[in-house]
Amino acid sequence: MAALSETQPEEDLNNLVCEARNTVIVTGFGPFQNHNINASWEAVRLLPSTGIESDLNICLVTEQIPVSYDDVGTKIPKLWDSYKPLLVVHVGVSHLARKITLEQAAQKSGYDRQDIYGQTPACNECCVGSTPLIRSGLDINQLSNTINSTSETVQTCLSDDAGRYLCEYIYYTSLSIDKTRSIFVHVPPLDQPYSAQQLAEGLAAIVRCLVQQLRDPQLDKVAIS
């Protein structure tokens, strides 16, 4: 890794430090439709309070993403390029979810629902990638089993349908960049049944488990519980 320089911009210095500590990027979405307070961002913004940054020796980067195809297409590749992350976790809200839902795959096409600006992507397709469907290379089944057997507050389930809206669009974008380091998580609306803090603890457990997956066997395992 390049040495830190006093003449480098502060953002570049921060990125170098984050690379050295293994960056984990976690995104949530902003308001849309009847979700004036988006449960995904409420959970993500509380994630630093769970202590996972120091526990796992990672640099945690949290980002709120507008529910906009153009913003996803612009911001997500830049985050990957800037931080070269160990792991990317995208989080969105679903009114259908009753558990924390771990999405396993995303489709390139079929995005005909308008975003917050009334826009849809060209040809209703994701602007990156060429494969019709990409599955995450992470062991999501193991992840679900681990969370369900160790967590006292949240439960998870698996899904192969992320909804063909911005949630699936952002997931496909990251999967097309690196499917071995990407996951999408749907959370229920707040207090249906989990509070924002409980959702944050659930996300922290997910990050712990996936960091272990990605570091093992090269690095020491980290505790999940």
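Counting from 1, the numbers follow the sequence of the chain as shown.
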ask   = Hey, is the main chain of Ile140 close enough, under 3.5 Å, to the side chain of Ser144 for a donor-acceptor pair?
value = no
query = Can you name the nearest heavy-atom pair linking Cys126 to Tyr111, along with the distance?
reply = N-CD1, 4.2 Å
query = Taking the side chain as C-beta and beyond, is there a heavy-atom pair between Val26 and Glu63 under 4.5 Å?
reply = no
message = According to a hydrophobic-cluster definition based on side-chain heavy atoms being under 4.5 Å apart (Ile, Leu, Val, Met, Phe, Trp, Tyr only), do Ile183 and Trp80 belong together?
response = yes
query = Do Val44 and Gln64 have side-chain heavy atoms sitting under 4.5 Å apart?
reply = no
ask   = Tell me, do Val72 and Ile65 make a side-chain contact under 4.5 Å, heavy atoms counted?
value = yes
query = With a 4.5 Å heavy-atom cut-off, do Tyr117 and Asp71 have their side chains touching?
reply = yes
ask   = If you measure from CG on Leu203 to CD1 on Ile52, what distance do you get to the nearest 0.5 Å?
value = 8.5 Å
inquiry  = Test of understanding: clusters of I, L, V, M, F, W, Y form through side-chain heavy atoms closer than 4.5 Å, transitively. Do Leu190 and Val185 belong to the same one?
reply    = yes
ask   = Heavy atoms, side chains only, cut-off 4.5 Å: are Leu199 and Pro188 in contact?
value = yes
Heavy-atom check, side chain of Thr180 versus side chain of Leu138, under 4.5 Å = no
request  = Check whether Val61 and Leu46 end up in the same hydrophobic cluster, where Ile, Leu, Val, Met, Phe, Trp and Tyr are linked by side-chain heavy atoms less than 4.5 Å apart.
outcome  = no
message = Under the criterion side-chain contact (heavy atoms from CB on, under 4.5 Å), I'd like the reasoning laid out for Leu60 against Thr23: C-alpha separation, chi angles, the key distance, then a yes or no.
response = CA-CA 6 Å; Leu60 179 65; Thr23 304; over 6 Å; no
Donor-acceptor contacts under 3.5 Å from residues 85-95 side chains, at least two apart:
residue : atom : partner : partner atom : Å
His90   : ND1  : Thr27   : OG1          : 2.7
His90   : NE2  : Ser174  : OG           : 2.6
Ser94   : OG   : Leu96   : N            : 3.2

query = How many angstroms lie between atom CD1 of Ile134 and atom OH of Tyr172, to the nearest 0.5 angstrom?
reply = 4.0 Å
What pairs of donor and acceptor atoms, side-chain ones from residues 30-39 against any protein atom, are under 3.5 angstrom apart with sequence neighbours left out?
residue : atom : partner : partner atom : Å
Asn38   : OD1  : Ser40   : N            : 2.9
Asn38   : OD1  : Ser40   : OG           : 2.7
Asn38   : ND2  : Phe29   : O            : 3.4
Asn38   : ND2  : Gly30   : O            : 2.9

For Ser176 against Gly129, the heavy-atom pair lying closest together = CB-CA, 4.0 Å
key: Aromatic contact, Tyr169 with Tyr69 (centres under 6.0 Å)   = yes
ask   = Do any pairs count as a salt bridge (charged side-chain N to carboxylate O under 4.0 Å, His left out) and have a residue in residues 37-49, sequence neighbours left out, and if so which ones?
value = Glu42-Arg45
query = Do the side chain of Ser149 and the main chain of Asn145 share a donor and acceptor less than 3.5 angstrom apart?
reply = yes
task = Determine the minimum heavy-atom distance between Cys209 and Leu143, stating which atoms define it.
result = CB-CD1, 3.5 Å
query = Which residue pairs pass the salt bridge (charged side-chain N to carboxylate O under 4.0 Å, His left out) test with at least one member in residues 124-141, sequence neighbours excluded?
reply = Arg135-Asp160
query = CG of Leu175 to CZ of Phe184: how many Å apart, nearest 0.5 Å?
reply = 11.0 Å
message = Quick one: does any side-chain atom of Ser151 pair with a main-chain N or O of Val154 as donor and acceptor, under 3.5 Å?
response = yes
inquiry  = I'd like to know if the side chain of Tyr194 and the backbone of Gln155 have a donor-acceptor N/O pair within less than 3.5 Å.
reply    = yes
task = Classify the side-chain pair Gln142/Gln213 by whether it contains a donor and acceptor separated by less than 3.5 Å.
result = yes
query = When clusters are formed by joining ILVMFWY residues with side-chain heavy atoms under 4.5 Å apart, either directly or through shared neighbours, do Leu214 and Leu56 land in the same one?
reply = yes
key: Note, Gln198 side chain near Pro193 side chain (heavy atom, < 4.5 Å)   = no
query = Under 3.5 Å, is there a donor-acceptor pair between the Thr156 and Asn148 side chains?
reply = yes
ask   = Going from NE2 on His186 to OG on Ser159, what distance comes out if it is rounded to the nearest 0.5 angstrom?
value = 8.0 Å
ask   = Does the side chain of Asp115 reach to within under 4.5 Å of the side chain of Thr120, using non-hydrogen atoms?
value = no
query = So, the side chain of Tyr165 versus the backbone of Gln114: is there a donor-acceptor pair under 3.5 Å, distance only?
reply = yes
query = Under the salt bridge (Lys or Arg N to Asp or Glu O under 4.0 Å) test, which residues partner Asp178, sequence neighbours left out?
reply = Arg181
ask   = Where do Ile177 and Pro77 come nearest, in terms of heavy atoms and distance?
value = CD1-CA, 4.0 Å
query = Quick one: does Thr50's side chain have a donor or acceptor within less than 3.5 Å of a partner on Leu47's backbone?
reply = yes
query = Could you state the interatomic distance from OG1 (Thr131) to CD (Gln107), rounded to the nearest 0.5 Å?
reply = 11.0 Å
ask   = Which heavy atom in Ala162 sits nearest to a heavy atom in Ala105, and how many Å separate them?
value = CB-O, 4.4 Å
key: Of all pairs that satisfy salt bridge (charged side-chain N to carboxylate O under 4.0 Å, His left out), the ones with a partner from residues 87-114, not counting sequence neighbours   = none
Heavy-atom pair with the smallest gap, counting every atom of Ile100 and Gly202 = CD1-CA, 4.0 Å
Straight-line distance of Lys84 NZ to Ile25 CD1, nearest 0.5 Å = 10.5 Å
